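What you are looking at is a predicted structure, and each value in this text was computed from that prediction instead of being measured.
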Amino acid sequence: MRILILGAGKMGSFFTDILSFQHETAVFDVNPHQLRFVYNTYRFTTPEEIKDFEPELVINAVTVKYTLDAFRQVLPVLPKDCIISDIASVKTGLKKFYEESGFRYVSTHPMFGPTFASLNNLNTENAIIISEGDHLGKIFFKDLYQTMKLNIFEYTFDGHDETVAYSLSIPFVSTFVFAAVMKHQEAPGTTFKKHMAIAKGLLNEDDYLLQEILFNPRTPSQVENIRLELKNLLTIISNKDAEGMKKFLTKIRANIK
C-alpha cells in the first residue's frame, strides 16, 4: 500500500519507521529540516509530489493545532478513493470535517507518546479506533495496532473525547498543580523524583496539545472533582481528623485496585 504520512515529528517518524518496511511510504512536511532524519521513505515538501505519489492512505500526524489545516492542504491532490486518517488525541471538529470532505476516513488514537512509552515494548499501552469510519480503514489500523501488541478499544468520536477528558486531563491537571507548587530540593525523596520525572516529560509536550486536552468541553467536570477532593482532604488535614483520613485512604485504595 502507498501510505502518505503528514508531519515528520515524533509520531510521524514513529509511524514511518513502523510502516516503511512493509509498505511504500512517503512523509510530507513543509519544513525540510524535519525530514533530515527520516529514512527508508520518500520525503516530500510540496503538494505536487504527493499528487505524483497517488497515496492510498493518508495518516495525519501533525501537531493537533494544524490537523485540519494539513488535511486542507493535501486534499486537492489526493486520489478520490484515498482513505484519510488522523491519530489526534483530541477529535474536536474532525467528525464534521470528515463527513464534509467527500473522502473515506478512519480516525484512531494511539494513547502513548515517545516521551513516556517504550516504543519497543507497547503491550501495556492502548489505542482507540473510532467506530465511525471506513471499514477497510479500521481493519488496517486494527491489524497494525495488533502487530504492535497494543490493547485496542473502540469508541465513537464523542465517547473518545469523554474518555480522554478522564484519562488525560486528570493526570495532566494533577501534574500541573505539582509543578506549580514545587521548589528545588537538595535531597528529594523517591516519590518526589518520580513526580518530577513525570512533570518534566509532560511539560516537554507541545503546548497546543496540552491546551486542547484541557480545553475539551468535558474536562471542567473532571477538574471540579479534583477540586472537591482536595477541599475534603484539606479539611481532614486541618482538623487532624484521623478517622476521616482512614476513611479517605480506604476509599482511594479501593479506587486503584
Any non-hydrogen side-chain atom of [X] less than 4.5 Å from a side-chain atom of [Y]?
X: Val30; Y: Gln73; result: yes
X: Val164; Y: Ser89; result: no
X: Thr108; Y: Tyr145; result: yes
X: Ile252; Y: Ile256; result: no
X: Met1; Y: Phe140; result: yes

Inter-residue atom distance [X].[atom1] - [Y].[atom2], 0.5 Å rounding:
X: Phe141; Y: Leu150; atom1: CZ; atom2: CG; value: 12.0 Å
X: Leu35; Y: Thr45; atom1: CG; atom2: OG1; value: 7.5 Å
X: Thr163; Y: Asp158; atom1: OG1; atom2: CG; value: 10.5 Å
X: Gln22; Y: Ile3; atom1: CD; atom2: CD1; value: 9.5 Å
X: Tyr98; Y: Ser107; atom1: OH; atom2: OG; value: 5.0 Å
X: Lys251; Y: Glu229; atom1: NZ; atom2: CD; value: 3.5 Å

Please say yes or no: joined through hydrophobic side-chain contacts below 4.5 Å, possibly via intermediate residues, are [X] and [Y] part of one cluster?
X: Ile152; Y: Leu144; answer: yes
X: Val64; Y: Leu203; answer: yes
X: Leu230; Y: Phe248; answer: no
X: Ile226; Y: Leu214; answer: yes
X: Phe172; Y: Val177; answer: yes

Mind listing the closest non-hydrogen atom pair of [X] and [Y] along with its distance?
X: Ala199; Y: Thr175; answer: CA-CG2, 3.5 Å
X: Phe15; Y: Ile5; answer: C-CD1, 3.9 Å
X: Ala26; Y: Phe44; answer: CB-CE1, 3.4 Å
X: Thr46; Y: Phe28; answer: N-CE1, 3.5 Å
X: Gly137; Y: Asp134; answer: N-OD2, 2.9 Å
X: Pro55; Y: Leu4; answer: CB-CB, 3.8 Å

Does atom [atom1] of [X] have more than 12 heavy-atom neighbours, drawn from other residues, nucleotides or ligands, at distances under 6.0 Å?
X: Tyr166; atom1: OH; value: no
X: Tyr42; atom1: OH; value: no
X: Gln211; atom1: CD; value: yes

Does [Y] offer a backbone N or O that forms a donor-acceptor pair with the side chain of [X] under 3.5 Å?
X: Arg43; Y: Val27; answer: no
X: Asn216; Y: Asp161; answer: yes
X: Arg253; Y: Thr250; answer: no
X: Asp86; Y: Ala88; answer: yes
X: Thr219; Y: Phe215; answer: no
X: Thr156; Y: Gly159; answer: yes
X: Lys138; Y: Val106; answer: no
X: Arg2; Y: Phe53; answer: yes
X: Asp29; Y: Ala8; answer: yes
X: Glu162; Y: Arg218; answer: no

Practice task
Apply the test salt bridge (Lys or Arg N to Asp or Glu O under 4.0 Å) to residues Arg227 and Glu224: give CA-CA distance (whole Å), side-chain angles for both, the deciding distance (0.1 Å), then the verdict.
Solution key: CA-CA 5 Å; Arg227 189 188 70 81; Glu224 176 65 14; 2.7 Å; yes

Practice task
Report the C-alpha distance between Phe112 and Met11 in whole Å, list the side-chain angles of each, state the deciding distance to 0.1 Å, and finish with yes or no for side chain to side chain contact (heavy atoms under 4.5 Å, CB included).
Solution key: CA-CA 10 Å; Phe112 61 89; Met11 291 305 288; 4.1 Å; yes

Exercise for the section: Indicate, with yes or no, if the rings of Phe192 and Phe178 have centres closer together than 6.0 Å. Expected result: yes

Do [X] and [Y] sit within salt-bridge range, that is, some charged N less than 4.0 Å from a carboxylate O?
X: Lys91; Y: Glu132; answer: no
X: Asp207; Y: Lys65; answer: no
X: Glu99; Y: Lys96; answer: no

Exercise for the section: Could you walk me through whether Ile213 and Val90 pass side chain to side chain contact (heavy atoms under 4.5 Å, CB included), step by step? Expected result: CA-CA 6 Å; Ile213 288 171; Val90 179; 3.7 Å; yes

Practice task
Give me the ring orientation class for Tyr105 and Phe157: parallel if the planes are under 30° apart, tilted from 30 to 60°, perpendicular past 60°.
Solution key: tilted

Exercise for the section: Report the C-alpha separation of Tyr155 and His109 in whole Å, then their side-chain angles, then the decisive distance to 0.1 Å, and conclude whether the side chain to side chain contact (heavy atoms under 4.5 Å, CB included) test is met. Expected result: CA-CA 10 Å; Tyr155 291 96; His109 178 192; over 6 Å; no

Exercise for the section: Verify the distance criterion only: is there a donor paired with an acceptor across the side chains of Thr41 and Thr25 at less than 3.5 Å? Expected result: yes

Handout entry: Derivation and outcome, side chain to side chain contact (heavy atoms under 4.5 Å, CB included), residues Ile139 and Asp143
Key = CA-CA 6 Å; Ile139 289 176; Asp143 290 344; 3.7 Å; yes

